[in-house]
Amino acid sequence: MAHQNTRIGWVAFLCFAILLHIPPSVTPSVANGSLFVAAPAQTKGGLIMHRASAPATMTATLAPTPPPIIGETSRTVASLFRKAPDKGMFRPISQSSLRAARRSKAGAGRASDDIAAHIPARSRGPKLAANSSQIDRLRQLIETAESRHDGYDAVQHRAKVKPARLPTRMTLFEIYTWIDNTPGQPHAIGRYQFIPATLRRLVKRLELPLGTRFSPAIQDQLADILLAEAGLNRLQRGEITRETFMKNLAKIWAGLPTSTGKSYYDGYAGNSASISWATFDREMGKIFPTKTPS
């Protein structure tokens with residue numbers, strides 16, 4: 001036993017002595033799936049041994065750098081287990097996987113209002129035929145009837161439990177949570193006073209992520225769908241009269257009057273028109289001067 005231990009000790013000492021003679025110019029590399037490969041030169045213990053000019057001096061070097069991994073052109077990843085690159089827990093990690101992991105980690109802590117900026121909705125709603133000035137003025141008229149002073153941050157005044165934050169600072173998920181957690185009260189919200197059923201339908205139509213912030217731009221996009229449904233494009237094409245379009249708007253927004261001067265939903269859940277028919281008709285005439293189809 002003592003003799004065997006002595007032999008092991010001498011082998012270890014010999015390996016250490018050999019490593020001490022490795023010149024600084026030697027560059028480690030990987031090839032053929034292993035750090036230690038056979039070569040035409042003399043081998044000992046898996047190392048490629050090259051005799052120098054002096055018989056007693058030996059140098060050790062490793063095999064040359066391998067070609068790039070297929071699919072990765074910018075950088076290779078060395079591994080001791082290259083013989084089966086697609087198997088095992090020690091397979092080489094692709095750079096595309098590393099980049100994806102970094103992107104996921106970087107985005108994990110972002111505020112929810114950034115999501116809308118980086119993940120656009122597949123659909124941005126219908127294209128309205130009216131020019132931007134007409135659309136902006138029509139939106140403003142609806143705001144006057146529906147939300148007045150609070151605009152995009154308006155919450156139905158009869159809601160006893162208001163959201164914890166201003167609506168424009170909330171995500172769609174937070175608004176849905178507020179609605180679900182406060183049953184039995186009105187939940188109309190935002191510049192256009194979206195009720196829950198309408199809000200969910202429009203959000204689904206635009207395929208918005210629930211992390212989307214209920215920003216002014218998002219509220220306008222949702223309202224544009226309702227404007228199209230009321231017949232704005234048909235009005236611009238001369239297919240319906242302005243009065244018909246106004247009646248359609250009144251069926252969507254309870255604060256707008258019908259030609260009777262009352263809300264289409266007058267008396268229902270406390271609704272009533274907040275502007276007169278004369279005011280509605282006058283302002284609509286300024287925005288859309290043509291009343292009759294061409």
Side-chain angles (χ1 to χ4, degrees), residues 112-113 116 121 125-126 135-232 245-258 260-277 279-280 283-284:
S112 57
D113 59 334
I135 295 173
D136 288 341
R137 292 163 67 189
L138 178 55
R139 290 170 177 167
Q140 182 63 50
L141 180 58
I142 295 171
E143 176 184 334
T144 300
E146 291 290 323
S147 53
R148 291 186 181 267
H149 306 296
D150 295 327
Y152 292 103
D153 285 317
V155 176
Q156 223 281 353
H157 66 92
R158 291 187 296 108
K160 294 182 179 179
V161 181
K162 301 294 194 295
R165 295 191 293 169
L166 293 175
T168 54
R169 297 186 179 182
M170 298 174 69
T171 64
L172 296 173
F173 177 79
E174 290 170 332
I175 291 175
Y176 289 172
T177 300
W178 167 67
I179 293 171
D180 293 340
N181 290 342
T182 56
Q185 69 169 18
H187 295 99
I189 191 168
R191 185 187 197 189
Y192 307 99
Q193 291 292 278
F194 300 106
I195 61 175
T198 301
L199 178 62
R200 293 178 188 274
R201 177 176 69 84
L202 299 177
V203 166
K204 185 177 180 180
R205 167 78 177 273
L206 288 183
E207 300 183 1
L208 294 171
L210 292 184
T212 301
R213 186 165 60 89
F214 195 54
S215 65
I218 289 297
Q219 293 185 41
D220 287 346
Q221 289 181 37
L222 297 173
D224 286 351
I225 299 176
L226 298 178
L227 294 180
E229 292 177 352
L232 177 55
F245 179 56
M246 292 168 62
K247 289 179 179 178
N248 292 342
L249 291 175
K251 292 178 181 179
I252 296 174
W253 283 285
L256 295 173
T258 64
T260 65
K262 294 183 178 181
S263 169
Y264 185 81
Y265 302 96
D266 187 68
Y268 177 77
N271 287 308
S272 63
S274 59
I275 62 175
S276 67
W277 174 259
T279 300
F280 189 21
E283 295 303 318
M284 288 293 287

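In this text, all values refer to a predicted model and were calculated from it rather than measured experimentally.
Relative orientation of the Trp277 and Phe280 rings is perpendicular, given thresholds of 30° and 60° on the angle between their planes. Using cut-offs of 30° and 60° on the angle between ring planes, the pair Trp178 and His187 is perpendicular.
Rounded to the nearest 0.5 angstrom, Gln185 CD and Ile179 CD1 are separated by 9.5 Å. Rounding to the nearest 0.5 Å places CD1 of Ile218 at 5.5 Å from OG1 of Thr212. In this structure, the separation between CG on Asp224 and CD on Glu229 is 11.0 Å, given to the nearest 0.5 Å. Taken from OG1 in Thr198 to CD1 in Ile189, the straight-line distance is 13.5 Å, to the nearest 0.5 Å. Once rounded to the nearest 0.5 Å, the distance linking CG of Leu226 with CG of Leu222 reads 8.0 Å.
Between Leu249 and Leu227 the shortest side-chain heavy-atom distance falls below 4.5 Å. Side-chain contact between Leu141 and Ile275: present, with at least one pair of heavy atoms (C-beta onward) separated by less than 4.5 Å. Between Leu202 and Gln221 the shortest side-chain heavy-atom distance does not fall below 4.5 Å. No side-chain heavy atom of Glu283 sits less than 4.5 Å from a side-chain heavy atom of Leu138. Looking at Ile225 and Leu206, their side chains come closer than 4.5 Å, going by heavy atoms from C-beta outward.
No donor-acceptor distance shorter than 3.5 angstrom exists from the side chain of Ser147 to the backbone of Asp150, with no hydrogens or angles considered. Side-chain atoms of Tyr192 do not come within 3.5 Å of backbone N or O of Glu143 as any donor-acceptor pair. Under a 3.5 Å cut-off, the side chain of Arg213 and the backbone N or O of Thr168 do form a donor-acceptor pair. Panel note: side chain Asn271, backbone Tyr268; a donor-acceptor pair is recorded below 3.5 Å. Looking at Arg148, its side chain does come within 3.5 Å of a backbone N or O of Ser274 through a donor-acceptor pair. Judged by distance alone, with hydrogens and angles left aside, the side-chain atoms of Glu146 form no donor-acceptor pair with the main-chain N or O of Gln193 at under 3.5 Å.
Applying the 6.0 Å contact sphere to OH of Tyr264 captures no more than 12 heavy atoms from other residues, nucleotides or ligands.
Of all heavy-atom pairs between Asp220 and Arg191, the closest is OD1-NH1, 3.5 Å. Shortest non-hydrogen contact noted between Lys162 and Gln156 is CE-O, 3.8 Å. When all heavy atoms are compared, the tightest approach of Ser263 to Ser272 is CB-C, 3.7 Å. Between Val155 and Pro167, the shortest heavy-atom contact is CG2-CG, 3.8 Å. For the pair Phe214 and Gln219, the tightest heavy-atom approach, listed with the atom from each and the gap, is O-NE2, 3.2 Å. Pro257 approaches Ala273 most closely through the heavy-atom pair CB-CB, 3.8 Å.
At a threshold of 4.0 Å, the pair Arg169-Asp153 does not count as salt-bridged, since none of the basic side-chain nitrogens sits closer than that to a carboxylate oxygen.
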Exercise for the section: List the steps, then state whether side chain to side chain contact (heavy atoms under 4.5 Å, CB included) holds for Met246 with Leu256. Expected result: CA-CA 9 Å; Met246 292 168 62; Leu256 295 173; over 6 Å; no

